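These notes are about the structure you will find just below.
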Amino acid sequence: MSTETTASPVRVRIAPSPTGDPHVGTAYIGLLNFLYATQRGGQFVLRIEDTDRTRFVPTSEQMIFDALKWAGLTWDEGPDVGGPYGPYRQSERTEIYREHVEILLANGTAYRSFETAEELEEMRKQQIAAKTPPRYNGAHRHLTQDQIVAYRLQGRPYTVRLKVPTEGSTTFRDELRGDITFDHNNVDDQVLMKSDGFPTYHLANVVDDHLMRITDVIRAEEWISSTPKHVLLYNAFGWSLPRFWHMPLLRNADKSKISKRKNPVSLIFYRESGYLPEAMLNFLGLLGGGMAQPTEEEIVSKQLNTKEGDIFSLAEMIEKFDFNRISLGGPVFDLVKLKWLNGEYLRKLSPEAFFTQLRATIFSDAYLQAIAPLVQTRIETLGQFGDMTGFFFSDNVLPAESIFLPKKRTYEETIAFAAEQLATLEASAWDLESITNALKALGESKEWSVKENFMLLRAILTGSTTSPPLVESLVVFGKARTLDRMRRFLEAEKKRANQRK
RNA sequence: GUCCCCGUCGUCCAGCGGUUAGGACACCGCCCUUUCACGGCGGUAACACGGGUUCGAAUCCCGUCGGGGACGCCA
């Protein structure tokens, strides 16, 4: 693969979107970018891609910073630390994108498109029904100047689309896979600027990568099929291309792209559940190859236990991780192996350090202080504290059917309702009032009494019919762990139901 | 459906034309042990299939099949 050195220093970036909890995939790609830059004495940039106002979550950006720092990754430039190529938040760069869209409009590589979202949706539906590839039909590619002026005078909203050539193809080099070619009739006229004036990923990404002097785009494999659009954009601006490295996608056990339905994907979850960042990083470094296994001689000379080949620090990854070793099959994110690794790290700690870890996370003063008031009014001896709060400190809480099933409900409707509760909590802000209101609204719409509603959730969360106040407990236990517990409950019941059949 | 990517034990990796196909997790057994875990020892288990190329193919080529991704005014 390419080993040529460029005159310019290596600059890479990760570009997460603040749309929810920081994702384990962001940490994975972040680690890879970090390693690549560090190994080459380059810079690692963090850019926040917050151009989708409909999915924007205000607390998310800070969580991304915190989670990446927790994992042990640091960046040289970013919204929080600044840098010479800022701003590093795309919502603060809209003027830049607007100027660049004008360039494309002027040189004829982009055009205005006046269809509404509804019209396009209708078109897509018809195409899918007709089993043809859903693609923009190019209706407004050749509007006359008069028509465009007329539409604009009417105040009709418009998007700006990339004018993909009708003939020919685009070939680009993927550093891991070699040349990849896309025929232009398989490349859609991508929207570059939405009617709200915000750019789409494709435009913002290319413009920013160029302006921020990014030399290597290291991102997930899911971007391969939009890379020709990006290449066309670089060409339209007359810019030179960065190198593209598409990393294999993390997978669920069934090989589909990793998703929160089938795996805990929130880094917050791992932090709050007591995973060590070193173990997480080590595990991510294991996925996709990259780290050479020790040779037989090394095992002998360094007296390595064979399993030590799987255990390595960030420093060792910086030293040894080799991008040309990466294997292209999407690795399954295997929680079982992560847990084993985490256990290895935990056991290696000195007793003092282990205790410190415990006190910093699962038995932190803050956590205990939040829990204490929930039991004080109902406690008789301090010794009962554990009895009343065990579920806060346990990982495996699975209620028996006799506990969770309401008297007047069937098993099926109960499981269905629990799934609704999960969806509701997932969408809810994590405070007493929001959760209470969301849960009650759900109960009303499905005609579940408050009692049935809350008792079911209580059973899932605590494994018991008695507990400290439910919603207060939820708040303290945290969103990430609550959702995980509910998903595990649902998963366990699904398995149980299948076995009964 | 169309395009693109991928294909070694259940899972994660080794293997780069000649290996009894190796290691780790998981699983099973034995040892250690008052229990459980840790630790130690051992075991089950894979080159998707079919054609080439070659003296020789897990390794190179082609096809088939299988898996995945993309096809949004999401990223």
Side-chain angles (χ1 to χ4, degrees), chain A residues 15-20 23 25-26 48-56 90 113 115-121 124 127-136 157-161 169 174 176-178 180-188 190-205 219-229 246 248-258 283-296 299 304-311 325-341 343-344 346-347:
Chain A
S17 277
T19 54
H23 199 276
T26 303
I48 295 292
E49 307 228 333
D50 55 349
T51 55
D52 184 357
R53 296 180 308 164
T54 61
R55 296 205 308 157
F56 180 71
Q90 290 186 330
S113 165
E115 290 91 349
T116 64
E118 292 72 31
E119 286 166 353
L120 293 170
E121 185 52 35
R124 229 185 328 268
Q127 287 170 329
I128 290 168
K131 304 220 174 201
T132 57
R135 211 96 71 195
Y136 177 63
Y158 63 88
T159 62
V160 176
R161 284 179 185 272
S169 62
D174 178 282
L176 260 18
R177 283 160 260 255
I180 299 176
T181 300
F182 283 83
D183 217 285
H184 285 156
N185 54 34
N186 289 318
V187 182
D188 206 3
Q190 181 62 47
V191 170
L192 301 175
M193 182 157 289
K194 311 173 210 176
S195 54
D196 65 3
F198 276 78
T200 59
Y201 168 88
H202 307 278
L203 202 234
N205 194 265
R219 69 214 323 182
E221 193 179 11
E222 55 189 332
W223 294 107
I224 288 178
S225 46
S226 36
T227 304
K229 296 170 184 172
H246 290 98
L249 224 35
L250 263 23
R251 313 289 184 97
N252 298 312
D254 64 5
K255 302 273 187 184
S256 57
K257 170 166 119 176
I258 194 167
F283 177 65
L284 293 175
L286 226 33
L287 299 181
M291 283 297 279
Q293 287 198 181
T295 60
E296 302 235 357
I299 292 174
L304 290 179
N305 186 314
T306 47
K307 75 184 177 190
E308 302 289 337
D310 276 355
I311 301 177
R325 290 186 65 92
I326 287 176
S327 51
L328 267 9
V332 170
F333 191 89
D334 182 7
L335 219 44
V336 176
K337 183 141 187 181
L338 207 208
K339 273 191 196 155
W340 164 77
L341 246 184
E344 287 288 322
L346 249 16
R347 286 188 293 270

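Note on naming: letters A, B, ... go to the chains in the order of the sequence lines (proteins, then strands), and numbering restarts at 1 for each one. Because only heavy atoms are used, hydrogens play no part in the values below, and waters and symmetry mates are left out as well, while side chains stay in. For clarity, every value in this text was computed on a predicted model and none was experimentally measured.
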Interatomic distance where [atom1] belongs to [X] and [atom2] belongs to [N] [whole Å]:
X         : N      : atom1 : atom2 : value
Lys339(A) : A26(B) : NZ    : C1'   : 12 Å
Asp50(A)  : C74(B) : CG    : P     : 13 Å
His184(A) : C3(B)  : NE2   : P     : 16 Å
Leu335(A) : A26(B) : CG    : P     : 13 Å

- Task: Please confirm whether any donor atom in the side chain of Thr200(A) sits under 3.5 Å from an acceptor in the base of C73(B), or the reverse.
- Result: no
- Message: Is there, by distance only and without an angle test, a donor paired with an acceptor across the side chain of Lys337(A) and the base of A26(B) below 3.5 Å?
- Response: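 In this structure, the two groups form no donor-acceptor pair.
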[X], nearest nucleotide to its side chain (from [options]):
X         : options                : answer
Arg55(A)  : G72(B), C25(B), C74(B) : C74(B)
Pro331(A) : C13(B), U11(B), G67(B) : C13(B)
Ile180(A) : C74(B), C71(B), C5(B)  : C5(B)
Lys255(A) : C12(B), G1(B), A75(B)  : C12(B)
Lys307(A) : A24(B), C5(B), C3(B)   : A24(B)
Arg347(A) : C4(B), G39(B), C6(B)   : G39(B)
Leu286(A) : A26(B), C12(B), C71(B) : C12(B)

- Task: Tell me whether the OP1 or OP2 atom of A75(B) has a side-chain N or O from Lys194(A) closer than 4.0 Å.
- Result: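 Yes, Lys194(A) has a side-chain N/O under 4.0 Å of OP1/OP2 on A75(B).
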- Task: Taking only the side-chain nitrogens and oxygens of Arg325(A), find out if one of them lies under 4.0 Å from OP1 or OP2 of G15(B).
- Result: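 Result: yes.
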- Task: Rounded to whole angstrom, note down the P distance from G66(B) over to C61(B).
- Result: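 The answer is 22 Å between these two P atoms.
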